[in-house]
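Here is the naming used below: chain letters follow the sequence lines, and residue numbers restart at 1 for every chain.
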Amino acid sequence: MFLKIIHACKTSKRKVQLSFCCMRSILSLSLSLSLSLSYFFFPFRHDIMKWNGWGYSDSRFLFNKKGQAEFTGKRYRLSGLILPSLKDWFEGTFGANLQHKSPATPALNVSAVPPPNLNESFVEELKAAGVALSQEPEDRVFRSHGHCLHEIFALREGRISRVPDLVVWPSCHNDVVKIVELACKHNVCLIPYGGGTSVSSALECPPEETRSIVSLDTSQMNRILWIDEKNLTAHVEAGIIGQDLERQLNESGYCTGHEPDSMEFSSLGGWVATRASGMKKNIYGNIEDLVVHIKMVTPRGVIEKSCQGPRMSTGPDIHHFIMGSEGTLGVVTEVTMKIRPVPEYQKYGSIVFPNFQQGVACLREVAKQRCAPASIRLMDNEQFQFGHALKPQVSSIFTSFLDGLKKFYITKFKGFDPHHLCVATLLFEGDREKVLQHEKQVYDIAAKFGGLAAGEDNGQRGYMLTFVIAYLRDLGMDYYVIGESFETSVPWDRVLDLCRNVKERIVRECKERGVQFPPLSTCRVTQTYDAGACVYFYFAFNYRGLSDPIHVYENVEHAAREEILANGGSLSHHHGVGKLRKEWMKEAVSTVGLGMLKSVKEYVDPSNIFGNRNLL
Amino acid sequence: MASKSLYSGRDPVLKKRDDFEDVLEERRNSSDLRYALRCYTPALYKGLVPCKASMLKSIVLQSDSLQYVVGQVSAECGESREAVQEEAALLLEEMAHRLQLGTIRFFAFTLSKAFKALFRGVCVNEEGIQRLQQAIQEHPVVLLPSHRSYMDFLMMSYILYTYDLALPVIAAGMDFISMKFVGEMLRMSGAFFIRRSFGGDKLYWAVFSEYVKTMLRNGYAPIEFFLEGTRSRTGKSLTPKTGLLNIVMEPFFKGEVFDVNLVPVSISYERILEESLYARELLGVPKPKESTSGLLKARRILSEDYGSMHVYFGHPVSIRSLAQGHISRSQHNLLPRHIPQKPTADTQAFVNDTAFRLVRLQEENMVLKPWVLLATLLLQNPDGMDLSTLTEQADWLRRLALAFGAFLDWPDHEPCSKVISSSLALHKNLVCVSGGRVRLVVEELPGAESATEEAGFNRAVSVLSCASYRNQILHLFVRPALIAVAMQTANCSRKDEVFNCFNFLRNVFSNEFILCPGAAVQDFEEACYLLGKCGAVQELQQDLVMSQSGQTTLAFLCSVLDPFLQGYQVVCRYLCEELEENLLENKFVPAVRSFTLQLILSGSLKCYEALSSDLQKNALAALIRLKAVRRVKAGDQVTLKVNKIAVNSLEDTLGKTNPCLRRL
């Protein structure tokens with residue numbers, strides 16, 4: 001570890017100046033290293049993460065010399081395992097070929113990064129205030145993008161467009177206040193940066209921005225400031241990353257229960273800014289249900305409520321101006337969140353349905369009876385097959401025999417058509433007895449819709465798919481396959497129609513735009529509500545033979561979104577609008593609605609200091 | 001398949017059309033019984049929700065939308081829900097088909113026999129069949145055949161069975177129900193029955209539309225109906241009805257299906273079975289009520305030769321592509337989809353426009369026989385023609401028609417004279433050749449004067465029968481003919497003047513011919529292009545001038561429209577001169593008819609076509625649309641209020657179109 005850090009310091013030659021606040025937070029580290037460094041090192045996550053792909057540098061899919069897929073690293077359940085059926089699925093689904101590679105540029109070409117456009121007096125005052133900052137190309141490029149396909153694709157090709165001119169690392173609320181003040185004073189553009197997992201082009205620097213752009217990285221504001229066990233709340237700095245928050249709370253026997261699919265990398269502030277939704281919202285609620293108090297620094301000053309009452313009737317809830325503001329109004333610095341004791345018992349489960357219609361009908365019934373488990377998701381047939389392709393090599397003949405038997409039972413004995421059946425994955429949480437009771441209730445409902453319990457293992461694998469899917473996209477991009485996911489929410493009665501039409505629209509658009517092989521076009525219902533559901537689509541295709549694959553891709557995604565809106569779906573359930581979906585905002589919230597939002601922006605940030613140009 | 005591409009080929013001659021196969025050929029060479037009993041395994045819609053005809057009914061009766069209307073009706077009329085539900089069940093019972101393969105097999109056998117006796121051949125474009133087969137698997141399909149004869153829908157099912165395609169369910173008028181046995185047979189071969197008028201009956205509408213939509217959504221079977229609503233008695237396409245088209249489009253608008261394929265089918269007959277029946281009907285002899293005994297009496301038609309018929313399956317038209325950019329489906333986002341909603345003005349306009357386009361597609365692919373050209377020429381020469389002149393002019397007209405893109409079935413390798421003589425022979429009941437002259441056959445009255453009403457009537461039967469063939473080619477000539485008349489009327493060659501005239505005439509005749517609403521400019525350009533191409537006119541920067549060789553063509557085109565101009569004038573004249581204060585709408589046709597007959601008998605009018613009730617009704621509809629006549633409802637009766645000044649000025653303007661008409 002020691003060597004690795006030294007190495008990192010040397011290679012990145014990062015000049016970082018520290019404020020007192022920062023000193024405090026890394027004091028223990030510096031002591032343990034017992035080193036006195038003038039070039040100092042932060043525990044930056046970006047040193048262990050890919051610069052042009054998803055997640056940790058050590059974790060990736062690859063096809064080994066034998067042509068078998070494996071997942072490297074040690075971090076995940078799949079890590080180090082061989083996935084024997086992935087190759088056939090991959091080649092069969094996309095018409096891809098392991099001979100046809102499209103490798104990424106191996107390293108960032110620093111000279112391709114435009115030189116920083118600095119506002120010198122701003123930088124001087126910032127240094128004087130003791131805020132950590134950097135203008136190294138690697139740091140700036142790393143914070144110039146989210147994880148939209150076009151962003152990653154460009155990085156893999158070594159294409160760099162407008163990037164922030166400076167990165168600053170405030171270490172506490174007061175640092176942020178200082179930075180925002182200086183930004184106003186010197187008229188520089190601030191773009192808050194949390195976990196960098198945006199999929200709405202929200203982090204893209206507006207190319208028309210002429211001012212100096214400063215990326216405000218909240219990652220050093222990552223402490224739990226206090227836990228209040230009487231009221232079951234925790235006060236947390238907004239830069240904390242999801243998995244760290246959960247781990248640290250777990251140590252005290254608590255959790256927030258907020259688990260968006262990106263929780264390994266996304267930050268609390270990001271959740272607030274995009275109106276995030278977690279997998280287990282059925283028990284814990286979405287972010288808007290979880291926050292009790294928010295502190296945000298804006299060009300007008302700090303906005304917060306005066307107390308922590310659980311509900312108030314004090315005019316429109318100001319939290320709702322903050323949640324979903326997507327970094328256009330200010331920086332969220334501290335949040336008080338509800339916490340819960342860590343559940344005693346957790347159990348995965350899965351149900352096989354003869355077809356998607358029956359599955360949706362079952363989910364609807366579960367929602368109607370308000371007995372949804374912590375999580376319930378329904379994958380369509382294509383996604384079920386996809387999940388199947390990720391099954392690791394089985395260790396014993398007995399397991400494979402059992403698998404065969406299960407398959408035989410479902411397809412032959414129960415008469416399920418393997419090309420129509422679909423699977424719901426479940427996660428129950430709570431005390432053991434209640435979980436088992438709850439489980440029985442859900443399985444009983446499922447039985448009415450022809451559903452068969454299909455084991456814990458299938459359920460768990462289903463959730464694993466969520467965490468590795470983004471890694472899989474990187475694998476696809478090595479072999480001419482590009483893809484993306486997008487989501488919506490829709491009333492119950494339109495779920496089936498929307499899923500069918502959007503999937504078909506994707507297939508048709510790809511065909512019309514010259515995509516040679518039928519795309520993967522699949523969906524799952526990921527959340528249930530009283531009045532509707534959240535639907536998640538995956539879409540990927542083989543782009544060999546296309547001169548401008550990203551353009552084709554964007555057109556198809558655009559068409560898919562049009563189709564969603566035409567079928568009564570929302571513009572977004574939890575990804576947000578960013579710049580990617582801005583064009584539909586007026587249609588989505590009406591002209592008056594958009595005007596309201598604009599007038600708030602105008603009051604709070606008249607000189608557009610928070611100039612990422614998202615949303616409005 | 002986008003809407004624009006439907007007419008993008010400006011030069012109609014370049015339009016590629018498929019070749020035909022005769023389906024009867026195989027019937028003549030192999031066993032009909034084996035054919036009727038052969039294995040039938042059609043390719044089905046990929047999203048099919050399999051269900052039986054009986055199951056279908058209960059789905060409809062339990063559907064949210066029907067339940068909603070049942071609730072509404074029960075609240076409005078104070079009856080119990082159960083009673084209304086019961087009523088709905090009865091309506092559905094009366095309506096629903098009971099498609100059975102056995103009945104189809106029975107028809108396959110008997111119709112094989114009948115068709116072989118009636119027709120020389122039944123020609124089908126097999127590429128169209130292949131396209132249809134693809135379309136059926138992809139999306140729900142709506143078959144839209146043209147309607148000229150009772151034969152049409154039997155023929156459609158027969159052909160689909162022959163090619164192993166999914167059998168359609170067919171919207172049929174209630175008329176057949178009264179034919180006890182036959183009605184039930186038709187029901188079992190896939191016909192479902194709708195009342196001719198059910199104006200404000202909410203419940204009936206709900207049952208009916210939900211029934212059709214359920215079949216469409218589930219991909220139960222291709223749905224077949226006639227856009228024209230009824231058989232055209234005149235050989236011209238009728239102004240399309242949009243009710244059913246609206247219903248089959250709704251599932252797409254509401255996102256319940258991804259797309260719907262509309263397949264126009266053009267069915268053309270060399271000789272129409274109902275030929276003289278139609279002419280008589282147009283002259284006011286009521287249509288015989290459909291009855292089984294009537295059908296049996298009609299057996300004698302089996303001994304006659306009806307030539308060949310052609311069935312052309314057009315390219316499937318995707319509603320999704322048509323609606324792109326015209327319809328916002330999200331307009332349905334804020335109301336539960338089972339609550340019935342009146343279509344918005346936008347939607348209505350779109351559906352209407354689509355209906356016209358589809359009828360035009362039907363027209364385009366109608367096969368024209370040489371006889372159609374002969375009938376056109378003979379009608380312009382009511383005193384008969386020398387065979388040699390006829391031959392010469394027919395050859396000229398053939399070339400003109402081809403230049404306009406006619407789908408003409410003219411035998412390639414035979415000399416012109418032979419083609420003509422065999423055409424004349426097939427239609428010997430309408431024309432005869434004696435002493436080298438060709439003229440219409442008119443039933444002679446033994447020992448009667450030639451100027452009596454009955455003699456006039458008999459001549460009108462011949463003329464109208466003949467006209468029903470001429471009318472088949474009108475869709476080709478109508479736009480250029482409107483320009484030809486406009487050029488004559490405008491008294492100046494300025495293009496905008498000609499266009500104004502053209503537009504006026506087009507407006508007057510938009511109940512008579514299929515002229516897409518709002519497409520005046522497009523029609524004008526299209527027609528100018530055609531006239532330029534055949535060398536009749538020259539299009540200059542500002543002007544449209546007749547070229548030296550254009551005289552014949554333009555004169556011919558003017559006389560194509562002549563009967564209609566005269567007919568409309570007669571109607572105007574009648575309304576101005578003869579009308580007593582309160583004319584009942586249902587007395588209008590008989591009154592105009594006797595007025596016209598008097599004009600003919602007195603020798604001041606030569607145009608027998610003015611006697612056609614179809615023309616008279618269209619003229620009235622046009623006058624109402626142009627607000628020259630007003631319908632006033634009083635109780636059950638509708639009276640016509642005439643704005644004499646408006647009608648008079650319209651007559652004047654029409655009179656100017658042709659100097660010889662002023663004599664009227």
Margin query: Counting only non-hydrogen atoms closer than 4.5 Å, does B:Asp259 touch chain A with its backbone (N, CA, C, O), its side chain (CB onward), both, or neither?
Written below: side chain
With respect to chain B, which residue among [options] yields the maximal number of heavy-atom pairs within a distance under 4.5 Å?
options	answer
A:Gln357, A:Glu587, A:Arg508	A:Arg508
A:Asn501, A:Asp493, A:Leu565	A:Asn501
A:Leu498, A:Asp497, A:Val502, A:Asn567	A:Asp497

Margin query: I'd like to know if B:Asp353 pairs up with B:Arg357 as an ion pair, taking the criterion as any Lys NZ or Arg NE/NH1/NH2 lying under 4.0 Å from an Asp or Glu carboxylate oxygen.
Written below: yes
Next item on the list: Apply the test ring pair (Phe, Tyr, Trp, His ring centres under 6.0 Å) to residues A:His551 and A:Tyr543: give CA-CA distance (whole Å), side-chain angles for both, the deciding distance (0.1 Å), then the verdict.
Entry: CA-CA 11 Å; A:His551 185 66; A:Tyr543 68 85; over 10 Å; no
Notebook entry, point to check: Going by heavy atoms in the side chains, are A:Phe539 and A:Ser485 under 4.5 Å from each other?
Noted result: no
Notebook entry, point to check: Quick one: are the ring centres of B:Tyr211 and B:Phe192 less than 6.0 Å apart?
Noted result: yes
